[in-house]
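Structure first, then comments.
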Amino acid sequence: MNPVIAIARKEFADGLRNRWLVAITLVFALLAVGIAWFGAAASGQVGFTSIPATIASLASLATFLVPLIALLLAYDAIVGEDEAGTLMLLLTYPLGRGHILLGKFLGHGLILALAMLIGFGSAALAIALLVEDVELLLLATAFGRFVASSMLLGWVFLALAYVLSSAAKEKSGAAGFALGAWFVFVLVFDLALLGVLVLGQGSVSPALLPWLLLANPTDLYRLINLGGFDAAGEGLGVLSLGAELPVGEAVLWAVLALWAGGLLAAAWGVFSRRTV
């Protein structure tokens, strides 16, 4: 059997045994269905509102939730094996560090993908069955783009978790790095960019600012999901800069995929230099 597939099967089986797949799926399903029907409760409206509003709410939630879950799933993937003494055992087998890394990535990535497909897909199915006169083509397109981009965002942060896990000396350090990375990409980046917009008027080229969104995978993710709707740029703070990007949606997808590939390559580089 291919060593990468063998390691991926082991990681997936460990995820099932630890109830990761069940727990993540339930979280995604409950939140997705809840947002679909109660997302507008703050404005006094209960029930399904519209597909764009539902996707916008889900994307905003997933921006916080998906990176955190991905980092928690894999922050100890390398350093945890090292602390347990199993990493040295793995390296005695006829497989390289690239096999170990890619196998773990495939196993964890499959857990995330299945959880999102089942969890978010349940919301789409509920809307299709329970909402009258819903546009099924728009529903399938919007949720398909949302689920696929959520998977890709999760894989980006899985790869980032492997970078942190390969660099850390102990699990507690990897957990701290993971929390810091989530804080920077999900919370601090947009606040910093907003500060540049407010305080740096005249000192920063307006043509440069929209390109800075490409430096944050969570902003790319939101642009992909909101870009297909007419009101995508309204009331979204720094994301309104995305309307000024002279690139299409395909480029946003490609850059997000490059984030995942680049971070996975960086993880291999750090892991290959790690001493066991």
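Worth knowing before you read on, the calculation uses all heavy atoms, side chains too, and leaves out hydrogens, waters and symmetry mates. Worth saying up front: this structure is predicted, and the values here are computed from it rather than measured.
Taking CG from Leu256 and CG from Leu252, the interatomic distance works out to 9.0 Å, rounded to the nearest 0.5 Å. The CD1 atom of Ile5 sits 8.0 Å away from the CG atom of Leu102 when rounded to the nearest 0.5 Å. Note that CZ of Phe143 and CG of Leu117 are 12.0 Å apart. Values are rounded to the nearest 0.5 Å.
You'll find the side chain of Phe64 stays beyond 4.5 Å of the side chain of Leu68, heavy atoms only. Proximity of Tyr221 to Phe146: side-chain heavy atoms (C-beta onward) are separated by under 4.5 Å at one or more points. Taking 4.5 Å as the limit, every side-chain heavy atom of Ile118 sits out of range of all side-chain heavy atoms of Phe28. Within the 4.5 Å cutoff, no side-chain heavy atoms of Trp155 are placed close to those of Trp259. The shortest distance between side-chain heavy atoms of Val66 and Leu112 does not fall below 4.5 Å. Put simply, the side chain of Trp253 reaches to within 4.5 Å of the side chain of Arg145, judged on heavy atoms. Contact of the Leu220 side chain with the Leu213 side chain is not registered, since no non-hydrogen atoms from C-beta on lie closer than 4.5 Å. In this structure, Asn216 and Asp190 have side chains that are in contact, with non-hydrogen atoms separated by less than 4.5 Å.
Checked by atom type and distance alone, the side chain of Ser165 pairs as donor or acceptor with a backbone atom of Tyr75 at under 3.5 Å.
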* Candidate pair Glu11 and Lys104, rule salt bridge (Lys or Arg N to Asp or Glu O under 4.0 Å), full reasoning -> CA-CA 6 Å; Glu11 291 299 326; Lys104 285 180 172 290; 2.7 Å; yes

* Asked: Stepwise, does the side chain to side chain contact (heavy atoms under 4.5 Å, CB included) test hold for Leu110 with Leu114?
  -> CA-CA 6 Å; Leu110 182 58; Leu114 282 178; 4.1 Å; yes

* Asked: Under the side chain to side chain contact (heavy atoms under 4.5 Å, CB included) criterion, do Ile78 and Arg274 qualify, and how do the steps go?
  -> CA-CA 10 Å; Ile78 304 300; Arg274 182 185 179 94; 4.1 Å; yes

* Criterion side chain to side chain contact (heavy atoms under 4.5 Å, CB included) on Val147 and Met151, from CA distance to verdict -> CA-CA 6 Å; Val147 172; Met151 291 179 185; 3.6 Å; yes

* Are Phe105 and Leu158 close enough, and set up right, to give a side chain to side chain contact (heavy atoms under 4.5 Å, CB included), and what steps lead you there? -> CA-CA 7 Å; Phe105 181 79; Leu158 273 182; 4.0 Å; yes

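Ile24 approaches Ala115 most closely through the heavy-atom pair CG2-CB, 3.4 Å. Heavy-atom minimum distance, Ser50 versus Thr54: O-OG1, 2.8 Å. Between Val131 and Val134, the closest heavy-atom pair is O-CG1, 3.8 Å. The shortest heavy-atom contact between His99 and Val4 is CD2-CG2, 3.7 Å. Pairing each heavy atom of Val270 with each of Val163, the nearest pair is CG1-O, 4.2 Å. Of all heavy-atom pairs between Leu106 and Ala8, the closest is CB-CB, 3.8 Å.
For CH2 of Trp268, the number of neighbouring non-hydrogen atoms (other residues, nucleotides, ligands) closer than 6.0 Å is 12 at most. Counted within 6.0 Å of CZ on Phe177, heavy atoms from surrounding residues, nucleotides or ligands total 12 or fewer; the atom is thus considered open.
Asn225 pairs with exactly one of Ser60, Ser150, Ser149 by the side-chain hydrogen bond (donor to acceptor under 3.5 Å, both in side chains) rule, that one being Ser149.
The aromatic rings of Phe185 and Phe157 lie perpendicular to each other, with more than 60° between the two planes, well past the 30° mark.
Under 4.0 Å is where a charged nitrogen must lie from a carboxylate oxygen, and between Lys171 and Asp82 no such pair does.
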